[in-house]
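The structure appears right after this line, and notes come after that.
Here the structure is a predicted model, which means the values were calculated and not measured. In what follows, every chain begins at residue 1, and chains take the letters A, B, ... in the order their sequences are listed. As a basis for the values below, the full set of heavy atoms in this structure was taken, side chains included, without hydrogen atoms, waters or symmetry mates.
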Amino acid sequence: MSGVIAWLSHCSVAGVPLTADVLGQFFQFETLVSVFLNGLAKASLYIMIATGLTLIFGLMGVLNFAHGSLTMIGAYLGGTVLTALVASTTGDPARFVLFFGAVVVVFGTLTVFGGLLEVTLIRPLYDRPPIYQILLTFGVTLVLDELARIVVTFYGLQPISDWQAALGTKPDILTRSVTVGSVSVPGLALFEIVFGVVTVLAIHAFLTRTRYGLIVRAGSDDSEMVSALGIDVRRVFTVVFALGVGVAGVAGTLLLWDPNWGASVPLATETLLPAFVVVIVGGLGTFRGTVAAGVLVGLVDSTMTWWFQNAIQFTGLPEMMVFLVLIVTLIVRPQGLFGLAEVGGH
Amino acid sequence: MHLGVIAFLSLYPALHAVLTSSVLGAEAVAVLPDIETMTAVLYFGLFAMSFDFISGYTGYLSFGHAAFYGTGAYFVVLAANGTIPFVPSGTPFMVLLILAGMCALVLALLIGGVSFRLSGVYFAMITLGFSQVLYVFVRGWRYVGSNPRDGVFVTGRSDGFEIGVPFIDQLTVAIGQLTGDEVNGFLGIISLSATEVTYYAIGFVVLLCYFSMQRILNSPFGRIMVAIRENEARTRAIGYDTFRYKLAAFAISGFFAGIAGALFAGVRRSVSPDNSLFFLVTGDALLASILGGFGTLAGPLYGRLFDESVREFLSTGGTGGGLLPYLRGHLPTSVLDADLFGVTVRAAVETFLNGHASLYLGLLFVLFVLYVPNGLLGTIQKRSEGTVTSWLMGWVERRR
């Protein structure tokens, strides 16, 4: 019997009872605003990580398991560019300019790489069951991660922990907190929010305002019909896959400065899983859903992080919340927030 | 065919001993996996088989299968430490094995009951979600040990875990490299080291599980599983409650995955979240299944054998053989110091062979998906339009 009591006492995860005190603290204006802004910063990272995955899945029905590895490669590539160009004397404005230069370089390189990947490896698999595409990209992940590990070990860049030299290229202004009234927000969070909003708007504009976006949207609805209308769907597939991979790389570059992420080889799995969660919660293949799910997951994450720092002691629970959001969503609404019941033959 | 494989596997330790002490000893050490590795192949092969049982036969990719493997492994370690209520630490291992399987089965029923409302990628993702929740939870759960992130060791009992018939000592052997039994002069001729005893004992349990799964797959129940894979709507239309069949298959698969995990914990006497519950453990099972043949029950075992052999061949080679120590020891210094595109051969060998087996396995995996989608065993079966046995029989017929 004593065994059962010991078991139960360990089961009560909450070490501290939820008091009115903690509740009151949470519902203060400053706390709410800072939790909200941190949540938005996390949300824009989640959206950045997941967008490429969504674009690819929406059009082609390929669930790209290599997405996390591509993000990781983007982070290392961006880091390489930044550490090569940024000196300790470089001023903040120049650092921002160089960062956007790195973003352009990473996007260009990975877009080309993504195009090659699609043409050589994914293309032969379209007429096979979708499971083979998952398997193939899973194999690509193994190769990319191990190659990254070899290169990183060879140049002594610490494959496991974050790449400190690259973290050091962050502009000074982002390391400080911005104080507005009584609320203080990390500068990095604001930068991430702005970057995320701009990217979302750009992709939205691409999908709704350009001719190519129109073809992409039509292709995700009915790719047979689009090809019957005389459009080379295969080429659209390649372009969208390339763009998706490019966006994954940009996401990696953005993660580079964030102390919660940073460039490291395990970043591949660390980003892959949240990306899956966001994509699935939003409904596979809908860009709108991905944005909504990113915001949802980001806000839940920051709220839970606050609660677990202030009221409940259990390490790793914020991490777990992300997956609990996935499970609850799939139980309540199996097709995701904005998803259709059947997408891409799944 | 089965008999041939069993005979090969049971003669393997002797064969290994003979070859490694022969003229080609150094080469054999480099190429052949040692007995510890073979034991790992066996229990992980069982896990891969249980993964293939549900994923290959019903077509539902269970991407969180590591949850069941981990449940089995944690159950054994915790039970041995006496921290599970109503299960004293002295419980015979065979009983623990069954209990661990049952635990995993219950978990599978719970997860499956929710997950089988979904299909395709959604199913794969929700099972992945469940297993990751369990992974993160166990990683932070003080109950399992003082440092749950690094895993737990068996501290509650110092004797080896015994496989055999419970309460009958003559038919029981303890497993484990350090604590296992040795057999000396059984029937006057057979002497086995602890490692070899462990190998045979684990092999026996795996064999038993394999034939049980084989039996289930060849029963009407197994036919329905395949029918669900081929066309679920039609299977439902002819009157089968597919949800129940899928759930039952999932539960059975979970049971055997739990047993595999329990065997793993029994041999290793420790378990950590990363080597039991993490989603890449499922990835390894997937790798084994694809290499060996998706939808062939025995395939994953061969796939894992292949996988582990390549891994060990390319490993850093602390314990057994491997390519790297072989090259280090046998290449002449002139070759090692030769210049190859700016780096010495020695540096190239150290960089590209030092524990980077995943790279080559990943490449192989991609090639398999592209060009050998049925895997090793599946391709042979497809070529011969039947099981490997019938292909062998036909081959013998033609030669007569």
Side-chain angles (χ1 to χ4, degrees), chain A residues 1-7 10-11 13 57 61 63 65 121 124-125 128-136 138-147 149-150 153-154 269 273 276-277 279-280 284 314-317 319-320 322-327 330-331 334-336 339 342-346, chain B residues 55 59 61 63 82-87 114-115 117-126 128-137 139-144 148-149 278-280 283 286-287 290 294 347 351-352 354-371 373:
Chain A
M1 205 54 218
S2 64
V4 179
I5 292 164
W7 167 276
H10 282 287
C11 277
V13 166
F57 192 89
L63 190 64
F65 252 84
L121 295 179
L125 292 179
R128 291 224 212 128
I131 196 173
Y132 281 98
Q133 295 149 3
I134 297 185
L135 298 177
L136 184 100
F138 183 74
V140 171
T141 307
L142 294 179
V143 175
L144 291 182
D145 284 4
E146 209 54 44
L147 275 179
R149 205 165 278 141
I150 290 177
T153 325
F154 194 78
T269 43
L273 293 174
F276 275 162
V277 171
V279 166
I280 300 277
L284 274 168
F314 188 84
T315 49
L317 260 192
E319 239 178 300
M320 200 160 126
V322 173
F323 292 100
L324 286 177
V325 170
L326 169 79
I327 290 172
L330 283 181
I331 290 172
Q335 68 273 43
E342 296 278 325
V343 185
H346 290 271
Chain B
S55 302
L61 193 61
F63 219 78
T83 41
I84 291 184
F86 309 118
V87 182
V114 177
S115 308
R117 295 165 62 220
L118 309 161
S119 63
V121 175
Y122 290 95
F123 178 81
M125 285 301 129
I126 195 171
L128 173 67
F130 276 116
S131 89
Q132 281 304 104
V133 166
L134 196 65
Y135 166 71
V136 178
F137 180 68
R139 217 165 53 143
W141 201 24
R142 293 272 170 196
Y143 178 74
V144 299
R149 190 174 280 262
F278 196 43
F279 86 106
L280 286 181
L286 180 70
L287 195 86
I290 293 299
F294 213 50
T351 308
F352 286 102
N354 205 342
H356 292 298
S358 297
L359 174 62
Y360 306 99
L361 278 168
L363 284 174
L364 256 172
F365 181 84
V366 169
L367 291 177
F368 262 75
V369 172
L370 282 174
Y371 302 111

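Between B:Phe279 and A:Phe276, the distance from one ring center to the other does not fall under 6.0 angstrom.
When heavy atoms are compared at a cutoff of 4.5 Å, A:Leu330 approaches chain B by way of both its backbone and its side chain. Proximity to chain A is limited to the side chain of B:Leu280, based on heavy atoms less than 4.5 angstrom apart. At a 4.5 Å heavy-atom cutoff, the contact between B:Leu118 and chain A is made by side-chain atoms alone. Both the backbone and the side chain of A:Leu121 come within contact range of chain B, judged by heavy atoms closer than 4.5 Å. Interface remark: B:Leu287 contributes side-chain atoms only to the contact with chain A (heavy atom separation under 4.5 Å). With a threshold of 4.5 angstrom between heavy atoms, B:Ile126 approaches chain A through its backbone and through its side chain. Looking at B:Val114, only its side chain comes within 4.5 Å of chain A, counting heavy atoms on both sides. With a threshold of 4.5 angstrom between heavy atoms, B:Phe294 approaches chain A through side-chain atoms but not through N, CA, C or O. Contact annotation for A:Ile331: both backbone and side-chain heavy atoms come within less than 4.5 Å of a heavy atom of chain B. Using a 4.5 Å cut-off between heavy atoms, B:Leu286 touches chain A through its side chain atoms alone.
Note on A:Leu125, A:Val143, A:Leu142, A:Asp145: by heavy-atom pairs under 4.5 Å with chain B, the leading option is A:Val143. No other option in B:Tyr135, B:Phe365, B:Phe123 has as many heavy-atom pairs under 4.5 Å with chain A as B:Phe365.
Shortest non-hydrogen contact noted between B:Met125 and A:Ile280 is CG-CD1, 3.2 Å. Taking every heavy atom of both residues into account, B:Leu61 and B:Ser55 meet most closely at CA-OG, 3.8 Å. Contact record, B:Ile290 with B:Phe368: O-CD2, 4.2 Å, taken as the closest heavy-atom pair. Nearest heavy atoms, A:Phe323 versus B:Val133: CB-CG2, 3.4 Å.
Side chain of A:Thr141 to main chain of A:Phe65: a donor-acceptor pair is present (N/O by atom type, distance under 3.5 Å, no hydrogens or angles).
Here the OG1-CZ distance, from A:Thr269 to B:Phe278, works out to 4.5 Å after rounding to the nearest 0.5 Å. Within the model, atoms CG of A:Leu136 and CG of B:Leu370 stand 5.0 Å from one another, a figure rounded to the nearest 0.5 Å.
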